[in-house]
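See below for the structure under consideration.
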Amino acid sequence: MHLAYPAVLAALLFCTGLYGVLARRNAILVLMSVELMLNAVNLNLVAFDVWLRDTLHAGQALTLFVIAVAAAEIGIGLAIVLMVYRDRGTSDVDRLRDSVESDATDDAAAESVEAEAQAEAAARAKKAEATA
């Protein structure tokens, strides 16, 4: 078997995964696209391991390592996505970024409103003391 066939397939898989990461809005689909990219890397590792006829099978060992890292990444990633979905009600990546930015703006606005309310309460207390 020629090395070109799995290399071209891996390149197509990687490009498809890269497109998914850049174009998708849903966090679950972004994670699936990252997995597709990792599988393209795994395909290259195994193909080059077979082509080089490595006696230690380093490509296959690295593939097992990448699979373990991908499993951990999916487990943690899904847990984070589920927590964000429960908290915000959406897993849309753009809305999450916008909500974080608006939360910071809302916090600053809330602090200024609170400071104004405290200043107004202090002014009323001073006025009440002056009239009494």
Side-chain angles (χ1 to χ4, degrees):
M1 179 171 76
H2 296 288
L3 183 61
Y5 298 132
V8 167
L9 179 62
L12 289 174
L13 283 174
F14 192 85
C15 289
T16 304
L18 185 63
Y19 173 75
V21 167
L22 296 176
R24 297 293 177 189
R25 304 274 188 255
N26 191 343
I28 303 274
L29 293 177
V30 171
L31 287 174
M32 288 175 59
S33 298
V34 169
E35 286 296 316
L36 197 60
M37 293 168 63
L38 288 173
N39 285 332
V41 170
N42 286 341
L43 181 61
N44 268 333
L45 285 171
V46 171
F48 277 98
D49 183 54
V50 169
W51 185 63
L52 294 174
R53 292 189 171 102
D54 186 16
T55 57
L56 295 175
H57 299 294
Q60 293 178 18
L62 275 171
T63 298
L64 290 175
F65 180 72
V66 170
I67 290 171
V69 168
E73 175 253 334
I74 280 297
I76 293 172
L78 283 177
I80 290 171
V81 168
L82 286 175
M83 284 180 46
V84 168
Y85 182 77
R86 286 181 186 164
D87 187 41
R88 307 262 186 201
T90 184
S91 63
D92 187 5
V93 177
D94 289 337
R95 285 188 184 174
L96 294 177
R97 182 180 44 213
D98 294 341
S99 67
V100 169
E101 292 170 358
S102 67
D103 285 348
T105 307
D106 292 343
D107 290 344
E111 288 175 1
S112 66
V113 167
E114 184 178 327
E116 288 175 8
Q118 288 176 353
E120 189 176 312
R124 277 193 223 141
K126 217 179 209 187
K127 194 175 194 182
E129 287 177 6
T131 58

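Any value given below was found using the heavy atoms of this structure, including those in side chains, with hydrogens, waters and symmetry copies removed.
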Criterion side chain to side chain contact (heavy atoms under 4.5 Å, CB included) on Thr63 and Val41, from CA distance to verdict
CA-CA 8 Å; Thr63 298; Val41 170; over 6 Å; no
Looking at every heavy atom in both Ala7 and Asn44, which two are closest together, and how far apart are they?
CA-OD1, 3.9 Å
Linking I/L/V/M/F/W/Y whenever any side-chain heavy atoms sit under 4.5 Å apart, do Val66 and Val50 land together?
no
Quick one: name the residues clustered hydrophobically with Leu12, using the 4.5 Å side-chain heavy-atom rule over I, L, V, M, F, W, Y, and just say none if it's on its own.
Val8
Closest approach of Leu13 and Ala40, non-hydrogen atoms and distance?
CB-CB, 3.8 Å
Side-chain heavy atoms of Leu62 within contact of Asn42, under 4.5 Å
no
Name the atoms and distances for all side-chain donor-acceptor pairs under 3.5 Å in residues 80-87, with sequence neighbours left out.
none

Taking only residues two or more places apart in sequence, or in another chain, which ones meet Asp54 in a side-chain hydrogen bond (donor to acceptor under 3.5 Å, both in side chains)?
none
Closest heavy-atom contact between Leu38 and Ala70?
CD1-CB, 3.6 Å
By side-chain hydrogen bond (donor to acceptor under 3.5 Å, both in side chains), which residues pair with Gln60, not counting sequence neighbours?
Asp49
CG of Leu29 to CG of Leu36: how many Å apart, nearest 0.5 Å?
11.5 Å
Shortest non-hydrogen contact between Leu78 and Leu31, atoms and distance
N-CD1, 4.0 Å
Return the minimal non-hydrogen interatomic distance between Gly17 and Ser33, and the atom names on each side.
O-CB, 3.3 Å
Among all residues two or more places apart in sequence or in another chain, which pass the side-chain hydrogen bond (donor to acceptor under 3.5 Å, both in side chains) test with Arg53?
none
Euclidean distance, Arg25 CZ relative to Arg95 CZ, rounded to 0.5 Å:
11.0 Å
Same cluster or not: Val30 versus Met32, using hydrophobic residues (I, L, V, M, F, W, Y) connected whenever any side-chain heavy atoms lie under 4.5 Å apart?
no
With sequence neighbours left out, write down each residue that passes side-chain hydrogen bond (donor to acceptor under 3.5 Å, both in side chains) with Arg24, or none if nothing qualifies.
none
Quick one: CZ on Phe14 to CG on Leu9, what's the gap to the nearest 0.5 Å?
14.0 Å
